[in-house]
Peer 1: 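There's a structure below that I have some questions on.
Every chain is numbered from 1, with letters handed out A, B, ... down the list of sequences. Remember, it's a predicted structure, so these values are computed and weren't measured experimentally.
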2 protein chains.
Amino acid sequence: MVRKMDKYDINTEERILKAAKSVFHRKGMYGARMQEIADEAGINKAMLHYYFRNKENLFKAVFRDAVEKIFINVSKFLESEGTIDESIKNFVENYIDIMIENIYLPPFILNEINQNPEKLSEFFKPLLESLPVQLIKKILKETSENKIKPIDPRDFIINIISLCIFPAIAKPIVKELFNMDDEKFIEFLKNRKKSIPEFIINSIKLT
Amino acid sequence: MVRKMDKYDINTEERILKAAKSVFHRKGMYGARMQEIADEAGINKAMLHYYFRNKENLFKAVFRDAVEKIFINVSKFLESEGTIDESIKNFVENYIDIMIENIYLPPFILNEINQNPEKLSEFFKPLLESLPVQLIKKILKETSENKIKPIDPRDFIINIISLCIFPAIAKPIVKELFNMDDEKFIEFLKNRKKSIPEFIINSIKLT
DNA sequence: GTCTATATAGGGATAGAC
DNA sequence: GTCTATCCCTATATAGAC
């Protein structure tokens, strides 16, 4: 796996991984073809097996990377310090930025989990267990102190995540529905960094 | 395609279609196997080709049915008469009922569209063009008359759809996150028939 | 219409030379 | 480490008997 290389070169393993991401993200585990990955990496199929032994291993490397990018950060931002309002703004802004940079990942991950739910325990369990404890406590506290409208913390968490992630999953439909090209679509997402926190904060604040 | 049959029997074509739905919904176009569909229908592979000629045709029949179930209804409920509040309640309640009955469809459809965006024009275009015109007008009117907080109608539409559909797409994660079995998960969705309209109406009403 | 048997191709994986 | 050639299984699809 280790190879002397030119400073400006990138090594074969990285080239493969990059190509594998591109193909798996678009086509999923079963739609992807090893040949296509090899072509995109500019090498031949045998190399894929030399570095990753089989398709399943290569896929897992890609999937693990995707989960880390998308879910490690959910965890981090959901648990931030400060008031609820600050937490919401912080989460949404950071999360939509991640989404814009990795627009293919949410459909890729969610599709894989729906088709293979057992992957959940293999990749997510440690993440999920520790996830939103702090935030739930914060919501319950603010509710009991009459600082926000009462809301089931589970609904709150699902709502904020839904509003951030769903447009990435429905991208082709959203673009078609509102006649957007890619640029307009990104602009739409960027605007949601402001509109989603407003939407959520309005809905929970006392009148 | 037509066959005399016992009153309590269902004909072969329907058996195939039913089995095909079950398998395609769970595994998608590329993960599904014709053999598995044949087994589940209780017939052999040759029959699949006799009735549908090839896998692609069979898949399209299943996909078309899914799109009609999920999107015809979006269109219908989004355009209902009455005040905005009534429209929201009407849409969410009806849509979550549909979701509960067809929990596999949203991930199935969205995955297929993400992997094959060209399917969009083939199956959706007529639907999408006529979609939310009335609702957009209603929102703009209420905004200009200072009856609700100003909101981009596109955000409004995406928000309401996100809140309804996302839990279906993330079902395995939601169940894991909150330690739900299937029954608890359905209960959670049913509760959202009330909580989502509250959430949305609070966020847009003037204080 | 329904079955068994088989053709054909595609794709993952390996062997072996360099 | 990288390549070419090839193996071999799997899955779609067809042929043909009943």
Side-chain angles (χ1 to χ4, degrees), chain A residues 1-64 108 111-112 115-116 119, chain B residues 1-64 108 111-112 115-116 119:
Chain A
M1 302 262 187
V2 185
R3 187 183 68 123
K4 287 265 183 259
M5 58 175 183
D6 183 79
K7 187 177 165 188
Y8 300 105
D9 199 9
I10 64 170
N11 67 39
T12 304
E13 190 172 352
E14 284 170 26
R15 295 238 310 276
I16 292 173
L17 215 41
K18 191 179 168 201
K21 283 179 195 174
S22 162
V23 176
F24 278 129
H25 290 171
R26 281 180 286 114
K27 309 265 180 94
M29 170 66 184
Y30 303 110
R33 294 287 164 257
M34 296 293 265
Q35 185 61 60
E36 192 179 352
I37 295 172
D39 290 347
E40 199 158 320
I43 44 103
N44 57 49
K45 277 193 295 178
M47 287 278 86
L48 303 181
H49 292 91
Y50 177 80
Y51 279 95
F52 291 89
R53 204 173 85 248
N54 57 34
K55 188 181 183 183
E56 177 71 14
N57 275 352
L58 183 51
F59 178 83
K60 281 186 179 175
V62 172
F63 188 69
R64 178 168 292 111
F108 169 67
N111 176 50
E112 188 56 29
Q115 286 179 8
N116 277 81
K119 288 244 169 68
Chain B
M1 301 264 189
V2 184
R3 188 182 65 123
K4 288 265 183 261
M5 58 172 185
D6 184 349
K7 187 177 164 189
Y8 300 105
D9 199 10
I10 64 168
N11 67 41
T12 304
E13 190 172 351
E14 284 170 28
R15 296 239 309 275
I16 291 174
L17 215 42
K18 191 179 167 200
K21 283 179 195 172
S22 163
V23 175
F24 278 130
H25 290 170
R26 280 180 287 112
K27 311 265 180 92
M29 170 66 184
Y30 303 109
R33 294 290 164 255
M34 296 293 264
Q35 185 61 60
E36 190 179 355
I37 295 172
D39 290 347
E40 200 158 321
I43 44 104
N44 58 50
K45 279 192 294 177
M47 287 280 85
L48 302 181
H49 291 90
Y50 178 78
Y51 279 95
F52 291 89
R53 205 174 84 248
N54 59 35
K55 187 182 183 181
E56 177 71 14
N57 274 352
L58 183 50
F59 179 82
K60 281 185 178 177
V62 172
F63 189 69
R64 179 169 293 110
F108 169 67
N111 176 50
E112 189 56 31
Q115 285 178 9
N116 276 80
K119 287 244 169 68

Peer 1: Residues in ring-ring contact (aromatic ring centres under 6.0 Å, His included) with His25(B), at least two apart?
Peer 2: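 Counting only residues at least two positions away or on another chain, His25(B) forms a ring-ring contact (aromatic ring centres under 6.0 Å, His included) with Phe108(B).
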Peer 1: Restricting to side chain to side chain contact (heavy atoms under 4.5 Å, CB included), what partner residues turn up for Lys60(A), sequence neighbours left out?
Peer 2: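 Side chain to side chain contact (heavy atoms under 4.5 Å, CB included) check on Lys60(A) returns Glu56(A), Glu122(A), Phe123(A).
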Peer 1: Is the distance from OP1 or OP2 of dA13(D) to the nearest side-chain N or O of His49(B) less than 4.0 Å?
Peer 2: yes
Peer 1: Taking ring-ring contact (aromatic ring centres under 6.0 Å, His included) as the definition, give me every residue that meets it alongside Phe24(A), ordered by chain and number, with sequence neighbours left out.
Peer 2: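 So Phe24(A) forms a ring-ring contact (aromatic ring centres under 6.0 Å, His included) with Phe59(A).
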Peer 1: In whole angstrom, give the distance that lies between atom CE of Met47(A) and atom C1' of dG16(C).
Peer 2: 13 Å
Peer 1: Identify, with sequence neighbours excluded, every residue that meets salt bridge (Lys or Arg N to Asp or Glu O under 4.0 Å) alongside Lys55(B).
Peer 2: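 Listed in chain order: nothing, the list is empty.
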Peer 1: Quick check on dT2(C): is either OP1 or OP2 less than 4.0 Å from any side-chain nitrogen or oxygen of Asn44(B)?
Peer 2: no
Peer 1: Provide, to the nearest angstrom, the distance between the OH atom belonging to Tyr51(A) and the P atom belonging to dT2(D).
Peer 2: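 Whole-Å distance recorded here is 4 Å.
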Peer 1: Just the rounded figure in Å: distance from C1' of dT6(C) to NZ of Lys45(B).
Peer 2: 10 Å
Peer 1: To the nearest Å, give me how far apart OH (Tyr50(B)) and C1' (dG16(D)) are.
Peer 2: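 Value for this atom pair: 14 Å.
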Peer 1: Which heavy atom of Ile43(B) sits nearest to which heavy atom of Met47(B), and what is that distance?
Peer 2: CD1-CB, 3.6 Å
Peer 1: Rounding to a whole Å, what distance do you find between Met29(B):CE and dA11(D):P?
Peer 2: 14 Å
Peer 1: Looking at DNA chain D, which of residues 32-43 of chain A put a heavy atom within less than 4.0 Å of it?
Peer 2: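 Here the set is Ile43(A).
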Peer 1: Which residues satisfy the side chain to side chain contact (heavy atoms under 4.5 Å, CB included) test with Arg53(A), sequence neighbours excluded?
Peer 2: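 Listed in chain order: Asn57(A).
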Peer 1: Salt bridge (Lys or Arg N to Asp or Glu O under 4.0 Å) with Glu40(A): which residues, sequence neighbours excluded?
Peer 2: Arg26(A)
Peer 1: Write down the distance between CG (Asn54(A)) and P (dC9(D)), rounded to a whole number of angstrom.
Peer 2: 17 Å
Peer 1: Check Ala20(B) against Val62(B) and note the closest heavy-atom contact, atom names and distance.
Peer 2: CB-CG2, 3.8 Å
Peer 1: Could you tell me whether the phosphate oxygens of dG1(C), OP1 or OP2, come under 4.0 Å of any side-chain nitrogen or oxygen in Thr12(B)?
Peer 2: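 So the side chain of Thr12(B) is outside the cut-off, no N or O lying under 4.0 Å from OP1 or OP2 of dG1(C).
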Peer 1: Does Lys45(A) have any side chain to side chain contact (heavy atoms under 4.5 Å, CB included) partners at least two apart in sequence or in another chain, and if so, which?
Peer 2: Met34(A), Gln35(A), Ala38(A)
Peer 1: So if I take residues 17-27 of chain A and measure heavy-atom distances to DNA chain D, which residues fall below 4.0 Å?
Peer 2: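 Here the set is empty: none.
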Peer 1: Nearest to the Lys55(B) side chain among dT4(C), dA13(C), dT12(D), which nucleotide is it?
Peer 2: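 Closest of the options to the side chain of Lys55(B): dT12(D).
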Peer 1: Tyr30(A) has an atom OH; how far is it from atom P of dG12(C), in whole Å?
Peer 2: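 Between P of dG12(C) and OH of Tyr30(A): 13 Å.
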